[in-house]
There are 2 protein chains.
Amino acid sequence: MLALNLRKYRQAQGLSQEELADRADIDRTYISALERSVYAASIEVVDRLAQGLGVEAADLLRRPATSAKEPQL
Amino acid sequence: MLALNLRKYRQAQGLSQEELADRADIDRTYISALERSVYAASIEVVDRLAQGLGVEAADLLRRPATSAKEPQL
DNA sequence: GCCGATTGTTGAAAATACTCCGTGGTGAAA
DNA sequence: TTTCACCACGGAGTATTTTCAACAATCGGC
């Protein structure tokens, strides 16, 4: 689920992969790969991505179903 | 947060590390290491662990604060 | 004291995540 | 058409996770 959520939250904030890469201090091409679900990221990068996006790490792993208490997009 | 949550949920169900290892198809010694936060696990093993424990992957990453909607122990 | 069950720990190999550099492709704007 | 921002994708190399076999330590019960 990470891939879709990642892209969803990133685009919702109008961020490019590169901007997010800077914020999270993660390689740009790796973020691209994560959004295409090429790898199973470690929880450490999930944390950094979540911080860069201003959401909880748990939010990035949640499955699509939009539960009432997801952070506002 | 994974380490503490993992141990918490596992013990709450009266499971041994080995039983959980079987359920999640993960090495026992690795689970031991994860509960001592030796490594930053991949979200794939977090998923398998969550399944073995019958909780959401997101629950294992949540920070201690017991939000009203955590699964019952 | 001895047993069985559970967990900590280690060392080495195998697998996979992650970085870095470069190339090409698309679409929008000048 | 050219330029620019953005993204997909490749390969090579490094770092880290994950597995496996084996042994030590603890605890409770017998």
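Chain A is the first sequence line, chain B the second, and so forth, proteins listed ahead of strands; every chain is numbered from 1.
Nearest to the side chain of A:S42, among C:dT9, C:dA17, D:dA8, sits C:dA17. Closest approach to the A:T29 side chain among C:dC21, D:dA21, D:dT17 is made by C:dC21 (side chain taken as heavy atoms from C-beta onward). Comparing atom distances between the A:R28 side chain and each of D:dC7, C:dT7, C:dC20 picks out D:dC7 as nearest.
Rounded to whole Å, atom P of C:dT6 lies 15 Å from atom CD of B:Q13. Whole-Å rounding puts the B:I43 CD1 to D:dT17 P distance at 15 Å. As rounded to whole Å, 13 Å separates atom P of C:dG8 from atom CD of B:E18. The CG-C1' distance, from A:D25 to C:dC20, rounds to 14 Å in whole Å. When rounded to the nearest whole Å, the span between OH of A:Y39 and P of C:dA15 equals 16 Å. The interatomic distance linking B:L2 (CG) with D:dT17 (C1') rounds to 13 Å, in whole Å. One can place CG of A:L34 at 11 Å from P of D:dA8, the figure rounded to the nearest angstrom.
The phosphate of C:dA5 (OP1 or OP2) has no side-chain N or O of B:Q17 nearer than 4.0 angstrom. At the phosphate of D:dC7, OP1 or OP2 sits under 4.0 Å from a side-chain N or O atom of A:R10. Remark: B:R7 is in phosphate contact with C:dG8, judged by side-chain N or O atoms under 4.0 Å from OP1 or OP2. Taking only side-chain nitrogens and oxygens, A:R36 never comes nearer than 4.0 Å to OP1 or OP2 of D:dC7. Residue A:S16 places no side-chain N or O under 4.0 Å from the OP1 or OP2 atom of D:dA5.
Of the two residues contacting DNA chain C, namely B:S32 and B:E44, the nearest-nucleotide position lying further toward the 5' end is that of B:S32.
The closest donor-acceptor contact from the side chain of A:R10 to the backbone of A:L15 lies under 3.5 Å. Side-chain atoms of B:Q17 never come within 3.5 Å of backbone atoms of B:T29 as a donor-acceptor pair (strictly under, hydrogens ignored).
Counted within 6.0 Å of CD on B:Q51, heavy atoms from surrounding residues, nucleotides or ligands total 12 or fewer; the atom is thus considered open.
Counting non-hydrogen atoms under 4.0 angstrom, B:A33 reaches nothing in the nucleic acid.
Here B:E44 contributes atom CD and B:L49 contributes atom CG; the two are 10.5 Å apart, rounded to the nearest 0.5 Å.
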